[in-house]
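Numbers restart at 1 for each chain; the letters A, B, ... are given by sequence-line order, proteins then strands.
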Protein chains: 2
Amino acid sequence: MKPINLKKLAQELDLSVATVSRALNDRYDISQATKDRVRALANKLNYEPNPYASSLRRQKSKTIGVVIPEVANHFFSLAINGIEEVARSNNYHVLIYLTHEDYQRELAMARLLASGRVDGLLVSVASESADFAHLEFLRERGIPIVFFDRVYDEMPTAKVTTDDFESGYKATRHLLEAGCRHILHLAVSQNLSIGRRRMEGYVQALADAGRPYEESLVLLARETKQQDVIQIQQLLEAHPEVDGIFASVESQAMSSYEACRNLGRSIPGDIKIIGFSNLEIAALLDPPLTTITQPAYSIGKEAAKILFLAISKNRVISPTQSLVLKSELVVRASTLPAPQAARPAYTLT
Amino acid sequence: MKPINLKKLAQELDLSVATVSRALNDRYDISQATKDRVRALANKLNYEPNPYASSLRRQKSKTIGVVIPEVANHFFSLAINGIEEVARSNNYHVLIYLTHEDYQRELAMARLLASGRVDGLLVSVASESADFAHLEFLRERGIPIVFFDRVYDEMPTAKVTTDDFESGYKATRHLLEAGCRHILHLAVSQNLSIGRRRMEGYVQALADAGRPYEESLVLLARETKQQDVIQIQQLLEAHPEVDGIFASVESQAMSSYEACRNLGRSIPGDIKIIGFSNLEIAALLDPPLTTITQPAYSIGKEAAKILFLAISKNRVISPTQSLVLKSELVVRASTLPAPQAARPAYTLT
DNA sequence: ATAAGTTCCGTAAACGTTTACGTAAATAAA
DNA sequence: TTTATTTACGTAAACGTTTACGGAACTTAT
């Protein structure tokens, strides 16, 4: 059941292929009568142009690529939502690539995308990536790139991020104000600028409060969640003075909960926790988790908008188009200063 | 900075375009010496074949499409993960389309996919969809389709699902055994076979326990989460006898938690809750949520495998290839029979 | 020596569009 | 009337691959 093409339409209508094509594209030099005839038949036969022939000829793929570390993470899910929304409204298609934080995969994907498969790219880099030649290469090939969240700072293009320094600062200060003296920072890879910025915020808040920065109170994410939990437990046992945790990654906040549970530490009685998170159910956790929430949907949407602006105007993207959106601190029970107030009101009334 | 193509390589090497193409594709009728020369230059210049030209000529897109209701849902996120994994290992690309449960969007996407843009399709249908002519149309056009989770039963193709009847039965029986007498079912749209099957399991479990099935104790999801919460609250107030909730959708379990919280009902003291969910943090909720957990990653992976088998063998997919994977009942505190045991051990020791 | 077979490569057509260019017919201007 | 302009369409080339076909040049068999 071969799909029908222009040639078949043309035969049927006793017109040339060119005329049919122009009629369907609503060109000025085709009579209204012919256009109507052509469209009627096209509709009747459910004609749909072959996208590859079209892309080849026009040198436009009508497709963008999204490169992200993972999709089973609420932040990226929401971002994709925003991206897909904008793409659809521009009649674009969305190819998705998951790096799983693996630099090698990111590299392989860059190769695949180098030959016009996509008209543009939205990228959140893998935490392993330290070298960015592969992305520079894509730029040289003329593929516009917009970074979101996990950006490659040095590339002169637009980046859509959140106020990571301020967020790290706010989170840490919030813990300090809740009475924490020794705060564990579960940090994002320092390869990534968001990792460095959140760390700087953490350090600055400590300094402003006259607290020392202790290198031993910083941990990076491991390969698996189970490793994270163990790592946190070990640190909590080695440093019993720790009374606060600032998780820069959503999953690390959850790992902290598990570690505390395993060790019998109460939250927020013994340890207060704040975490970057986009989970709607943070409020339903035991105890409800205080979060720094990023506007994930908006980040995806705005990044996509910038990309489509560049694609449609056929212009190079300027770093000045970069956007910094604000994260929101949502205070919940996991950082309540007074332990006796920590019990949520509705359990076992 | 135009990407280089076969013609440029051929010029540089003083060979014909055909020879270069065949060398790169490792054909038998090209000498090893020539292959080496060609590959060396191709590597040096970072040649990457134009996918659209290749697709057009070969009539193969090396791309599959994934059509799902949403991505901000842990089940689908995990499924995509499995799908992407299989696709990548087959050197395929993944186009993603979100229907947002909207039949019109699903229809529009079917149109777009009708002309060879994808070699195959993995579909989880929108709950609004009652008519499936658009999917039949794609089949007629020769595009193999594998359904996963939300299937269109009548189409003679493979479907990868979970044991929905048994899951509904197990969930309901579990609540009954925990002492529930009046169980509210937050159901999936009865347009969908998974909705009907889970419902049948619910009804059968009630019958086997000698309990009546009450139509008034069944609710369907609304447009927004807020509407769901309100709807549940209203029902709980109108039916104070309800002492158990079976949520067939992840988000509905969360809405139930909120509703109970708003009404001051304790879980599991006043009301016990069980829900379909793929959230890893179900165990960290307050109280920990008893779940029916679907093997989402495997579902995606197996569905993709079936699709690629069909694509590579160029064969039509048979309904006999369908797979039914087992869901798992994970018992946690939200359905504990004895109210006094409901308090998790680690809060405020 | 010629015939037959093999090896290696080139020519050209094809995939289904889009578009630069050309042109016949119809209309308007002179 | 002739000339210029407009309208509406066809011809053919192009996008970058892949591949059927053919044929030199070389090797082996006779």
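For Ser55(B), no side-chain nitrogen or oxygen approaches OP1 or OP2 of dC15(C) to under 4.0 Å. In this model, the phosphate group of dG16(C) is approached by a side-chain N or O of Gln59(B) to a distance below 4.0 Å at OP1 or OP2. Within the structure, a side-chain polar atom (N or O) of Tyr47(B) is placed less than 4.0 Å from OP1 or OP2 of dT17(D).
The backbone N or O of Ala158(B) lies less than 3.5 Å from no partner atom in the side chain of Ser322(B), so there is not a single donor-acceptor pair.
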Under 3.5 Å, side-chain donor or acceptor atoms of residues 303-315 of chain B against the rest of the protein: list the pairs with distances, not counting sequence neighbours.
{"unit_1": "Ser312(B)", "atom_1": "OG", "unit_2": "Phe308(B)", "atom_2": "O", "d": "2.9"}
{"unit_1": "Ser312(B)", "atom_1": "OG", "unit_2": "Leu309(B)", "atom_2": "O", "d": "3.2"}

If you look only at distance, which donor and acceptor atoms sit under 3.5 Å apart when one is on a side chain in residues 13-23 of chain A and the other is two or more places apart or in another chain?
{"unit_1": "Ser16(A)", "atom_1": "OG", "unit_2": "Ala18(A)", "atom_2": "N", "d": "3.4"}
{"unit_1": "Ser16(A)", "atom_1": "OG", "unit_2": "Thr19(A)", "atom_2": "N", "d": "3.1"}
{"unit_1": "Ser16(A)", "atom_1": "OG", "unit_2": "Thr19(A)", "atom_2": "OG1", "d": "3.0"}

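Residue-level contact check: Ser21(B) touches the bases, meaning some heavy atom is under 4.0 Å from a base atom.
Look at NZ on Lys62(B): it is 16 Å from P on dT17(D), rounded to the nearest Å. For the pair Lys60(B) NZ and dT17(D) C1', the computed distance is 17 Å after rounding to whole Å. One interatomic measurement links the two molecules: CG of Asp14(A) to P of dA8(D), which rounds to 18 Å at whole-angstrom precision. With rounding to whole Å, Leu56(B) atom CG is found 12 Å from dT18(C) atom C1'. Nucleotide dC9(C) holds its C1' atom 8 Å from the CG atom of Leu15(B), rounded to whole Å. Separating the NZ atom of Lys8(A) from the P atom of dC15(C) is a distance of 11 Å, rounded to the nearest angstrom. In this structure, Arg58(A) places its CZ atom 12 Å from P of dA20(C), rounding to the nearest Å. Asn50(B) has its CG atom 17 Å from the P atom of dA14(D), to the nearest Å.
Not a single ring pair (Phe, Tyr, Trp, His ring centres under 6.0 Å) links Tyr297(A) to another residue, sequence neighbours left out. For Tyr97(A), the ring pair (Phe, Tyr, Trp, His ring centres under 6.0 Å) partners at least two apart in sequence or on another chain are His93(B). With sequence neighbours left out, Gln32(B) forms a side chain to side chain donor-acceptor pair (under 3.5 Å) with Asp36(B). Listed by chain and residue number, nothing satisfies the ring pair (Phe, Tyr, Trp, His ring centres under 6.0 Å) test with Phe137(B) (two or more places apart in sequence, or in another chain). Residues meeting the side chain to side chain donor-acceptor pair (under 3.5 Å) test with Ser54(A), sequence neighbours left out: none.
Within the structure, every pair that satisfies the side chain to side chain donor-acceptor pair (under 3.5 Å) test and touches residues 105-114 of chain B, not counting sequence neighbours, is listed here: Glu48(A)-Arg111(B), Glu106(B)-Ser129(B), Glu106(B)-His134(B). Counting only residues at least two apart or in different chains, ring-ring contact (aromatic ring centres under 6.0 Å, His included) contacts with residues 23-74 of chain B comprise Tyr52(A)-Tyr52(B).
Between Ser127(B) atom OG and His100(B) atom NE2 the span is 13.0 Å, to the nearest 0.5 Å.
Using modelled atom types and a 3.5 Å distance limit, the side chains of Ser61(B) and Asp119(B) yield a donor-acceptor pair.
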List every contact pair, protein side and nucleotides 11-13 of chain C side both N or O, where the distance is under 3.5 Å.
none

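Two end axes, each from the C1' atoms of five base pairs, can be drawn for the helix from dA1(C)-dT30(D) to dA30(C)-dT1(D); they diverge by 60°, to 10 degrees.
Contacts of residues 24-42 of chain B with DNA chain D (heavy atom under 4.0 Å): Asn25(B), Arg27(B).
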